[in-house]
Structure formats: structure tokens, C-alpha cells
Amino acid sequence: MQESKESKLYFSKELLGWYETAKRDLPWRRHRNPYYIWVSEIMLQQTRVDTVIPYFQRFIERFPTVQALAEAPEEDVLKCWEGLGYYSRARNLQAAAQQVMERHGGIVPDNKKDVSALKGVGPYTSGAILSIAYNQPEPAVDGNVMRVLSRYFLIEEDIMKTGTRTLMEDLATELIPQGRAGDFNQALMELGALICTPKSPQCLICPVMAHCAGRLEGAEDRLPVKSKAKPPRPEYRLVALVEGDGEQSGRVFVRRRPDSGLLARMWELPHIPAAAEPGEGAGLPDGPAMDRLAAALGGAGVLAAPQGALMEAEHTFSHIHWNMRVFRFQQVDGRSDLIAVAESASAYEANGDAIGSSSGDDATEYRWITKEDMGELAFPNVFIRILNQYFSTK
DNA sequence: AAATCGGGGAA
DNA sequence: TTCCCAGATTT
């Protein structure tokens, strides 16, 4: 990996020239607004450009300034992020906007110490903001950059290792042309996104192919070296879709998730864990599952009678795969069922499953909602799919 | 160093 | 199916 200085100068010059004509017209590139740059970079973490664009447009329209974001209800921010995933990004972004209001008078800071201190801003995003918004010579090393550099300089270090990113940052810093940090960093990522793609890179139209060590070795297809991630572990969940009765007629019972952990503070249909099945989740008897769900609902103060299986759903997170069996329930206000429900609630208390924490520190929040109410509350995609299907076929 | 934290598009 | 995407935070 002893690349010559000429090779580096060639790389930077050719890449910058290519970028001038090849760069995409993206919403956050139309202004040099540090707030726009910041929001876009948070959204782009682990997320493709095409996915981000509509979210970015809506977000800026709704929260045009740092102050607007800082003062907005958290529920609105989460709703604007709904479907984009990694929801702590949204909550950290708003917390950081409040930091910027308090510490920096609403101006996105332009030095490494203060930018890196913002919640949700790590090494990559710090470098991206400083270079793109303020043209400072800081590296912005993401997955694209590591792929491009590992190929061009034939670096065979595992990019999953911590030390490799530091090595890449040092190299990327050397490559930044004087006074062109913003364009160069974006050019590096643009090349990774458009030409130097993970599979079947377009070497023949690459602006730096002539001196690409990886390609000259015929090694572009096995670079970058990356250790495999663990597959998500399966989990089985029993989900309750409870139709309201009386005052709650036409509404569905939902709850809000805890303040931390998976899908923090998002709304969802209540569900409880089911034993892991050695085979398939399907084809199991509905009776015991519905009984357990009814008991758990009783523990949350909802008297409901099972109406049968509604659908099955799957959802994959980064580290968990949910296999969900959804059951329909009918809320029961009738006095005749009070005794039976009270008994099942008692049985539930003795059990371990939880719909709501009956004795926890902070009580779980519940609501009965209509289809229209979904427009105000943020749900994970899997529950949006279930609820939309239910409301559309009802 | 390893786990946690979403969702979807491309092959 | 598998990969991986303009990663950060927590353990």
C-alpha cells in the first residue's frame, strides 16, 4: 500500500474535476445552510439518498430553522421521522437543536469541539458538517469513502474494525485539496454512490481508474474487506388488535413504547412475547395465544373477548426478526364478563408477561384511536401496515 | 470490541 | 435471499 504522492494528487484532481459535472442536484445542495446540511447528514446515516429526499423536504418545511425544531413538540418530530428508522436520530437531533439554541444562539457551530459535542453527531457527521457547511479540511469517512479508498489504494484492512476508520481518516485528510474540502468530501462519496458501487463497480467510466491499485490488481470485487454481521435473532410476538366498544366504538387500542430501547417512544399495538418455536410460527393453536393476550390486556385494564386470528406479520430490524401473529379482540363493557376478566387479570399478575407495567415506575400510556388519529402519532412501519390493512378491510 | 438501534432498495 | 446504505451510542 505504498501509494505515491503523484497517485494521490492525481486522485484528488481527477475526482474533483469529475464531481463538477457528475454531481447530483440534491435538496440540501441547493443552499449552503448549515442547518440543512446538518439535518441531511443525520438523515443520511445508514440511509440511501433516494429514501431521504422526501423526508428532508417535509422536515425542512415543517421545521425550517434550528429554533423551530428546538421548540417543536417531540411527537411532531417523531411523526416527521416515521418510517425512516433509527428514531433516536430524530430525538437526538431535536435535543441538539436545543443545545445550539442555548449554547450558540441558534447558529450551528463551526469548530470541531462544539460540533462533535452535539447529540447524534459522531466522527463522520462532524467532518461532514465542518467540510460541507464551512469548507474546513476535516475528513468525512463513511461507508462509501472506505470502499473507494480501500479499492483505489488497495487497503485490505477489515473496515468493520475501529482502527481502520482512523487509518482512512488520516488518508482522506491528506487527499483534501487546498480550499476544496467540501467539494472533495462530497465527490468521494458521490463516486462511491454512483461509480464505485458495492457490487459490479463501473470501473470503465471511473475518473480515477488509471491509477486504481485495486482494479490494476483485479481486486475490486473483493474489496473492501468486511467481516460479516450476525444474522438477526428470531422473536415471536402475539399482537392484540382490540376494537373499542361503547364510547370507544370504532377505535383501536394502542400504547406508547418506553423512553429507551427499541423503537423508543413510538406507538404500537400491544403485544406480548410467545415462546420461540422450533419450526414455524404458523399452524399453532389460536386458543392458548388468545387466552394469554386477553389476560395481558386485562392487566392493562382492558376487558376484551377474543374474536380470532386476523393476520400474520413479519418485521426485520438490524438485530431482531419479529414473527407476529395478530388477533382481533372486541372490548367488553358488559357487566357479565367482569368476573371472568378479573380472574384472568389476576392470573396475569401472577404471570410474567406485560402489556402495561402495573407496578412500574412510569405507567405505560394508552389511547383509543381512529384511523385519522394515526396522522398525529408516530408508529413503526410494521404497525402501520397492520393498521392500514385492518382499517381498509373493515 | 461488541451490541444496540430501522427500514428499504438493489442484485 | 443477501448486502448495505453520507453511523452513533451504549455496554
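Each chain gets a letter, A, B and so on, in the order the sequences are listed, and its residues count up from 1. Please read these numbers as outputs of a predicted model, since none were measured by experiment.
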**Q** Within this structure, what is the OH-to-P distance between A:Y86 and B:dA3, rounded to whole angstrom?
**A** 15 Å

**Q** Among residues 50-68 of chain A, which residues get a heavy atom nearer than 4.0 Å to DNA chain C?
**A** none

**Q** Could you measure between the two C1' atoms, the one in B:dG8 and the one in C:dT9, and give it in whole Å?
**A**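 23 Å, rounded to whole Å.
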
**Q** Output the residues of residues 135-147 of chain A in contact with DNA chain C, where contact means a heavy atom of the residue under 4.0 Å from an atom of the strand; sort by number or write none.
**A** A:D142, A:G143, A:N144, A:R147

**Q** Suppose we screen for ring pair (Phe, Tyr, Trp, His ring centres under 6.0 Å). Which residues come up paired with A:W28, at least two apart in sequence or across chains?
**A** A:F56

**Q** Looking at every strand, decide which applies to A:R24 at a 4.0 Å heavy-atom threshold: base, sugar-phosphate, or nothing.
**A**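 The answer is base, as A:R24 lies within the cut-off (heavy atoms under 4.0 Å) of a base atom.
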
**Q** With a cut-off of less than 4.0 Å, is there a side-chain N or O of A:T162 near OP1 or OP2 of B:dA1?
**A** yes

**Q** Could you state the OH-C1' distance from A:Y87 to B:dT4, rounded to the nearest angstrom?
**A** 16 Å

**Q** In whole angstrom, give me the gap between the C1' atoms of C:dA8 and B:dG9.
**A** 23 Å

**Q** Any protein N or O atoms within reach of nucleotides 8-11 of chain C? Criterion: under 3.5 Å, listing atom names and distances.
**A**
| from | atom 1 | to | atom 2 | distance (Å) |
| --- | --- | --- | --- | --- |
| C:dA8 | OP1 | A:G122 | N | 3.0 |
| C:dA8 | OP1 | A:G122 | O | 3.4 |
| C:dA8 | OP1 | A:Y124 | N | 3.4 |
| C:dA8 | OP1 | A:T125 | N | 2.9 |
| C:dA8 | OP1 | A:T125 | OG1 | 2.8 |
| C:dA8 | OP2 | A:Y124 | N | 3.3 |
| C:dT9 | OP1 | A:G120 | N | 2.6 |

**Q** Can you see if the side chain of A:H315 gets near the phosphate of B:dG7 - specifically, an N or O under 4.0 Å from OP1 or OP2?
**A** yes

**Q** What about A:M209 and A:F11, same hydrophobic cluster or not, with Ile/Leu/Val/Met/Phe/Trp/Tyr joined at side-chain heavy-atom distances under 4.5 Å?
**A** no

**Q** Per the side chain to side chain donor-acceptor pair (under 3.5 Å) rule, what does the pair list look like for residues 105-124 of chain A, sequence neighbours excluded?
**A** A:E41-A:Y124, A:N111-A:D114, A:K112-A:E138, A:S116-A:S126

**Q** For nucleotides B:dC5 and C:dC5, find the distance between their C1' atoms and express it as a whole number of Å.
**A** 15 Å

**Q** Sequence neighbours left out, what passes side-chain hydrogen bond (donor to acceptor under 3.5 Å, both in side chains) with A:Q202? Give chain and number order.
**A** none

**Q** Roughly how many Å apart are C:dC3 and B:dG6, using the C1' atom of each and rounding to a whole number?
**A**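 Comparing C1' positions in B:dG6 and C:dC3 gives a spacing of 15 Å.
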
